[in-house]
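Step one of this worksheet: look at the structure below.
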Amino acid sequence: MRRINLKKANVARSDTIRYINRQIVLNYVREKEPISRAEISHETALQRSTVSLIVEELKNQGLVYEIEGESTGGRPPTLLRLRAAGCIAIGVDLGTAVTTVATGDLVGRVLRRETFATDPDMEVTFRRIVDNVQSFIASEPSIEGVGISLPGLVDPETGTALFVPHFKWRDWSIAEDLAKVTGVPVRVDNDANAAALAELWLGRPEIRDVRDFILVLVEEGLGTGIIFDGQVYHGMVGGAGEFGHMTIGKGAPVACAAGSDECWEAFASERAALARYAEKTNGSATKDISFRELIDLAFEGDEAAKESLIETASYIGLGISNLTKGLSPEAVILGGEISRAWPVIADELHSAIARNSICRGLPAGVTFASTLGEDTRLMGALSLILAGKFASVVPA
Ligand SMILES: [Zn+2]
């Protein structure tokens with residue numbers, strides 16, 4: 001029987017808290033620079049001495065530097081600025097339609113990006129990724145690693161894409177293959193897991209303060225990334241988070257990636273919303289529209305578009321209420337293009353969660369739209385490298 005070494009567990013825990021506090025301070029500087037130590041302490045509720053210690057560490061590592069602020073009478077305040085350390089990571093967001101390869105700095109600012117249509121032929125897509133990564137590395141020698149996010153089942157330990165349903169790709173050792181050609185370390189994870197990691201490391205303060213949350217990534221399919229105690233929960237061979245295939249009803253408007261019309265993703269994905277719109281417009285819509293266009297139509301006042309999104313939101317909420325019953329996260333974050341439709345769907349989403357949570361007897365945690373906007377998955381890919389970087393520069 002395996003026993004838990006409590007002493008060790010406590011050490012790990014206090015290290016984790018140090019990383020988190022450090023990350024909070026770094027992100028405050030990123031978002032509010034120039035900012036003083038006192039302001040950081042005031043806004044984060046971290047003790048002044050803790051903030052000072054962390055700032056010293058960040059200064060020593062060359063991540064922040066001091067400037068003199070405007071005097072308001074007395075001694076001018078010392079303010080902190082972020083030192084943009086230049087490009088240190090490449091993120092590859094391999095999507096079902098489009099793949100983006102981009103460079104990012106330490107705090108997740110995207111510096112350069114290239115985009116191309118994802119080819120169903122794995123070799124063709126891989127070749128394009130290699131070309132882009134190599135040309136970025138040639139001009140940016142400080143690149144420390146490549147993070148890849150992709151829409152499928154990934155074993156992050158071995159860096160293998162076990163199954164990408166949209167393209168029926170199987171057992172692709174993408175991390176090893178790319179590292180071999182480019183000579184830099186490569187990390188890969190499922191898109192929802194990577195996006196959850198991005199929310200944890202690069203999201204806004206209201207989310208970074210939350211230690212247990214679930215990211216629901218609504219796309220062509222639907223995936224979830226689970227963060228427990230500040231870590232991505234992967235489960236066996238990266239298989240956790242497949243809530244998109246939990247059964248929530250019968251007769252969904254579309255089939256899930258595996259062909260069932262009973263799964264959450266069959267009711268709550270982008271494809272489900274588009275199918276509802278097609279049905280409501282009864283073929284009168286002159287062409288097939290994209291999910292982006294559906295959201296635009298809703299904002300322009302198209303009633304059928306609005307209703308399609310709102311109905312879809314009620315199923316997203318139903319699924320979220322089920323997750324909440326089992327996992328009781330502090331927060332649920334909705335990511336993907338749909339987060340742009342937040343003003344249209346928020347009311348229905350919240351009331352669906354409340355309606356379906358009655359038996360539980362506890363109010364659900366908060367539900368937010370992703371704070372990372374349209375780049376959620378790309379930020380996820382970058383985070384696979386950045387999160388490790390932040391952890392590794394903390395002295396033991
Ligand atoms: Zn399914």
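Everything numeric here is computed off the predicted structure, so don't read it as measured data. For ligands, and for the atoms within them, numbers begin at 1 and follow the listed sequence.
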Stepwise side-chain hydrogen bond (donor to acceptor under 3.5 Å, both in side chains) test for Asp189 and His234: CA-CA 10 Å; Asp189 208 338; His234 281 106; 2.6 Å; yes

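The aromatic rings of Tyr233 and Phe228 lie tilted to each other, with the angle between the two planes from 30° to 60°.
Donor-acceptor pairing under 3.5 Å is lacking for the side chains of Arg377 and Thr100.
Listed for the Ser71 side chain is a donor-acceptor partner under 3.5 Å among the backbone atoms of Gly74. A donor-acceptor pair under 3.5 Å links the side-chain atoms of Ser314 to the main chain of Glu311, judged by distance alone.
Closer than 2.8 Å to the Zn ion (ligand 1) sit the protein N, O or S atoms His245 ND1, Cys256 SG, Cys263 SG.
Within the 4.5 Å cutoff, side-chain heavy atoms of Val146 are placed close to those of Leu178.
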